[in-house]
Structure formats: structure tokens, C-alpha cells
Amino acid sequence: MTLRQSPLRVRVLRSGSSGNAILVEAGLTRFLVDAGLTAEAVLREIGEDGRVPRLDAILLTHEHDDHARGAAAVARATGAVVLANEPTLRAAGPLLAGVRVELFRPGRPFALGSVEVTSFPLPHDAAEPVGFMLSRDGVRATIATDLGEVTDELLARACGADLFVLEANYDLGLMAVSSYPWFLKNRIVGAQGHLSNDGAARAAVAAADGRPQTICLVHLSEANNLAPLARDTVRAALDAAEARGVRVEAVRPNRGGSWWTASPAPGAR
Ligand SMILES: [Zn+2]
Ligand SMILES: [Zn+2]
């Protein structure tokens, strides 16, 4: 296999309220989407044989601690550049002091090695939170965590994606009986909060385009969700819509997932 044909690979290192990081590889390009774990934990996950891991960049979706906590230390350790939009960088402030940072513009595609990256807005209570659409050689992965509701723009970016990494934060029934204080429950279920299993199911159905696709459910709440429940809720909605070609996985709260790999279609460039 030549470098040109090397696959797009994505692995959720950790997802949930205690920290979020996703590793993306394509040929010689290697970057993170968020680094919301301690630097030690990130380096342990992406390191090889005790050497300093190769890492080109850390893309930030937003400045919340569970997404940005380890970004500066990982960037310092690896030489990776931190990429974010201007309001996120401003909000992250001292957290990124002394680190090489670059800005991206909303909606404007940019190249990260061999991967084209486009950010798009998400409704969430941060400075200017975004999701990312990653494209390489006709293969597309869309990542959307931390969103209060499903928007048309999200569906436009997710429809037809080969991989859709999507938040399924809570089950409304479990949330109703959980011990979370009411102010926190109200924040989570609000339009600028987090996505429910039912919301994820709606987005999954709308993003299905009849081809084989994978939906990876992430950012599950340990108190208000269960991985099998999230998976079954989305699966049932897809089956009801006869979208049987979509594979559904749910990453357990505060755990990592397995590699997702897609090679370019024959003849794709
Ligand atoms: Zn957040
Ligand atoms: Zn989060």
C-alpha cells in the first residue's frame, strides 16, 4: 500500500465527562481532536515504546476543561501546534500560554497534512464551540460532541459521512431519577447543553444515506446513561427508518474505543 492510499484511521482515546480526546491518523499525518486528559494519560495512549510520540497538531472543539485540560502540556511535549478558533483561544487564555497556536476560520477548510479539516458551529455553552468534518481521498469522518440540540448545519456535515462520531450524553429517563442537582440537569438538557440518546438517534437517522456507515456514540454520562441503552436507542431508530447499513458503537463512559479504519474507495483520489 502506498502512502497515498493509506487509510484514514480514528480512535477515541477517552470520552465522557472526565475527559475527551480522539486520535486521527492518515499516512504520515497524526493529530488529536481535543486533549481533555492529563498530558501523561494522552502520551501513554499515543506513545510507542517509551519514545516521545509524533504528533502534528491538537484541534480544539472548545475550551471546556474536559476537552482542553492537557492540550498545552501535550503540545509542549510533542511540538504539536494547537489549532482553534479565535474565541476558543481567547477563552482558553492562560491554559495555552507559551504554546504554538494557530487559528482557523469558521467553515473555511484547511489542510492538516493529508487531511482536509472543516469546522462547523455547535450549540453549546462555550465561547464558540465547533465540530469537525475530516476528509481524505473521498473518505469522510464527522465529529460532533457537546451539543444541546441537532442543527441543520450538523446534519449537512454528517449526512453521508463514513464515520459519524456523535455525542449521546444522557437518557432522559435515567437523568430524571439520577442524583444530579436540578440546576445541572437543566443545563445539560438545555439547547446549549448536551445531546440525549433520542437526539443522537434523530441525527443518526438523518445522516444515513444508504451506504455502509459507522456511528460511534461518545461523551456518555456515567450517571445518566448506559452504553447498551444508547446503542439500542440509536439502533432502534435506524431500524425503524430501514437504515440497516449503519453500524452503531457506543464508547462506555470514561473509556476508549477501538480503531475505525476506512481506505479510500478504488479510483478515488
Ligand atoms: Zn463542553
Ligand atoms: Zn465535554
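Atoms within each ligand, like the ligands themselves, are counted from 1 in listed order. Values reported hereafter were calculated over all heavy atoms of this structure, with side chains retained and with hydrogens, waters and symmetry mates removed. In this text the structure is predicted, and so the values were computed from the model without any measurement.
- At a threshold of 4.0 Å, the pair R11-E25 does not count as salt-bridged, since none of the basic side-chain nitrogens sits closer than that to a carboxylate oxygen.
- The name of the N, O or S atom in H124 nearest to the Zn ion (ligand 1) is NE2.
- Here the two rings, on H67 and H124, have centers that are 6.0 Å apart or farther.
- Between the NE2 atom of H219 and the NE2 atom of H67, the angle taken at the Zn ion (ligand 2) works out to 110° after rounding to 10°.
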- Report the C-alpha distance between N20 and D66 in whole Å, list the side-chain angles of each, state the deciding distance to 0.1 Å, and finish with yes or no for side chain to side chain donor-acceptor pair (under 3.5 Å). CA-CA 6 Å; N20 296 274; D66 61 320; 3.1 Å; yes
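- Looking at D66 and the Zn ion (ligand 2) together, the shortest N, O or S contact belongs to OD2.
- Proximity of L32 to L59: side-chain heavy atoms (C-beta onward) are nowhere separated by under 4.5 Å.
- Among the backbone and side-chain atoms of H194, none of the N, O or S atoms lies under 2.8 Å from the Zn ion (ligand 2).
- Counting just the N/O/S atoms of H64, the one with the shortest distance to the Zn ion (ligand 1) is named ND1.
- In this structure, OD2 of D146 and NE2 of H62 enclose an angle of 90° at the Zn ion (ligand 1), rounded to 10°.
- Aromatic rings from F104 and F132 are positioned such that their centres are separated by under 6.0 Å.
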